[in-house]
Amino acid sequence: MGLLSEGSPLSWEETKKWANHVKTNGIEQFINLYKRLKDRQGDSLKWGDEVEYLIVKFDHENKRATVSLRANEMLPILREPENQDPASAKSLWRPEYGAYMVEGTPGCPYGALPVHLNIVEANMKLRRKEAQMLLPPNEMVLSVANFPRLGCPGFTFPEYNPDTSEKGVSMSRFFPDEAIFPGHPRFATLTRNIRSRRGSKIDIQIPVFVDKNTPRPFVEAGVPEQKEDMIYLDAMGFGMGCCCLQVTFQASSIAEALKLYDNLTPLCPIMLALTAATPFYRGYISDVDCRWNIIAASVDCRRPEERSVIRKSRYDSVDTYLSEENSEYNDIPLIYEEPHYQSLITEGGIDKSLAKHIAHLFIRDPVSLFSEKINQDNKKDSDHFENIQSTNWQTMRFKPPPPESSIGWRVEFRPCEVQLTDFENAAVVCFVVLLTRVVLTYNLHFMIPISKVDENMKNAQKRNAIATEKFWFRNDLQNKTASYSLMTVNEIINGKEGFPGLITLIQNYLNSMDVDADTQCTLQQYLCLISRRAKGDVMTAAKWMREFVTSHPKYSQDSVITEEINYDLLQRIATLSENHSSTLLGNIDPNRSKTQDNVPEILTR
Ligand code: GLU
Ligand code: MG
């Protein structure tokens, strides 16, 4: 979830005093970095995925499933190979917000060879196995984007009660502080400081899915904060405790990184709709399919009077394209502190669009600061910059090279929800990677006005958006001045009269490349899944889970996911890799390719 500095965390009262110090020095650190590294060229394409997982415990006798707060004991073991020899580790493991979450990435980045696309899934399988091996027989690592009964009484193992008193970190009615990852102070500190800065508890209201027997109005006894017909959540954990799938790219130069960032930005809402996987919150069926706005509200540190001026939370979709040549599409006025912008321009010689982006990130106060990190050498360190950068969780992230490292300019693609199977996660990752190749090879332009991307983000999260919503998209990706119109996800992915569709562009690209037969076969299955999902032939995880719950014999058509339904759903998900679901995966045999079961040499090096 970002920077893991070591040391003693400061309270919001303390941090507040250093806010300007962190910001001024953070800007200076970025300027120094930029000056030192702006001409860095020739880095090779590298990329990697990040998968976040839940740890789930099954109680077969009582048909209950809970999250297991075991991440802190698993991580030191998972990280042993990396600690012993980082160069030969096959996977890297990091903590995430929940004490019931872990995050895994491949041990080393993938490169430009097509065959690398054929090892993504194998490495995901390996990671799942590595984590699974550490669990007792009744627990499982699942790539489920949100635990359906997160926040229900007794949803954790061991069981804890929430602490609503001032002593509590979240002060939540539902989410005990013990469910926050305890092994690093960042997570609790962010939780406390965001709440303190905001001046009140987190307040998330999600429309409930109204079924035949859902009480109207839908009101929860003893929860006065709940608005009518809404599912009420009151802690950072309800958002940051969700799991996503991210892809990071190293570009050959800063110019290429800006280009990738800008072109991927309009794809964020489309990929969010395609990967929708979070229809359930705190034991209820909601009327949304995606986690996005829930996480945004879960870290919303704005005070009431700031909310009309600052339009979004620290977690939200990006507000601006970065490349100067795309500035015509920046139709949302950005706010920033003029001195920050001026320094970036005059001292840094940074182009206006990028300078505005950085200055705009720096409207946020630091919400996590360690006393040991207050004084830094701005020529060498970048912790103050990273402090603000890593607590701006947006759909895309533009990442400068870290100090003293061989890593180049990078771009992170962050909207996707994690998928239930490794096959689907690999398909999504490879699809995005191939899109970046297509953008760069054919010099495509995906940009539409950024306000239209925001509109798309809103619609992408609606229930069954993939089938019912239309999204602004460019009519011609080659012509720099093309117009845009409303299209369905199916039209965007599979094309329509006069518009080729993204799959065709990728197929053309693959045809022009020397791709070995096995990789070709794997990629065709991935593209087939994406294409069929866009068409509605196979379901998103959100739709599939909704159907599972609403057709469960014990479901009372009252929007409630009972302990038993939750258990059965998670059991079904747990066996997905052996028991194929044709509505979710289509005609794809999960044991189809030999390559996918053996981690090839290339990763074991
Ligand atoms: N889990 C968060 C999400 O679902 C992202 C946290 C991170 O930045 O790694 O978007
Ligand atoms: Mg993460």
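Whatever order the structure lists ligands and atoms in, that order sets their numbers, starting from 1.
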Cation-pi check for Phe157 against Lys57: NZ or CZ below 6.0 Å from the six-membered ring centre and within 45 degrees of the axis, yes or no?
yes
For ligand 1, which atoms, with element, lie under 4.0 Å from some heavy atom of [X]?
X	answer
Gln246	5 (C), 7 (C), 8 (O), 9 (O)
Glu96	6 (C), 7 (C), 9 (O)
Ile295	3 (C), 4 (O), 10 (O)
Trp393	8 (O)
Cys242	1 (N), 4 (O)

Hydrogens and angles aside, do Thr191 and Tyr97 bring a side-chain donor and acceptor to less than 3.5 Å of each other?
yes
Hydrogens and angles aside, do Arg197 and Asn193 bring a side-chain donor and acceptor to less than 3.5 Å of each other?
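The criterion, which ignores hydrogens and geometry beyond distance, is not satisfied for Asn193 and Arg197.
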Name of whichever N/O/S atom of Glu52 is nearest to the Mg ion (ligand 2):
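That would be atom OE2.
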In terms of ring plane angle, is the pair [X] and [Y] parallel, tilted or perpendicular, where the classes change at 30° and 60°?
X	Y	value
Trp409	Tyr34	perpendicular
Phe174	Tyr232	perpendicular
Phe446	Phe473	perpendicular
Trp47	Tyr110	tilted

Going by the 4.0 angstrom heavy-atom rule, the piece of Tyr97 near ligand 1 is neither
Determine whether the side chain, the backbone, both or neither of Glu417 has a heavy atom under 4.0 Å from any heavy atom of ligand 1.
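None of Glu417 does.
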For ligand 1, is [X] a contact, meaning one of its heavy atoms is under 4.0 Å away?
X	answer
Tyr315	yes
Glu50	no
Glu103	yes
Arg414	yes

Short N or O distance, Trp292 and ligand 1, threshold 3.5 Å exclusive
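There is no such contact.
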side-chain hydrogen bond (donor to acceptor under 3.5 Å, both in side chains) evaluation trace for Gln205 with Asp203:
CA-CA 7 Å; Gln205 313 268 354; Asp203 179 9; 2.9 Å; yes
Going through the distances and angles, do Arg303 and Glu306 end up as a salt bridge (charged side-chain N to carboxylate O under 4.0 Å, His left out)?
CA-CA 5 Å; Arg303 291 184 282 266; Glu306 290 174 327; 3.3 Å; yes
Taking the Mg ion (ligand 2) as the apex, Glu103 OE1 and Glu96 OE2 span an angle, rounded to 10°, of 100°
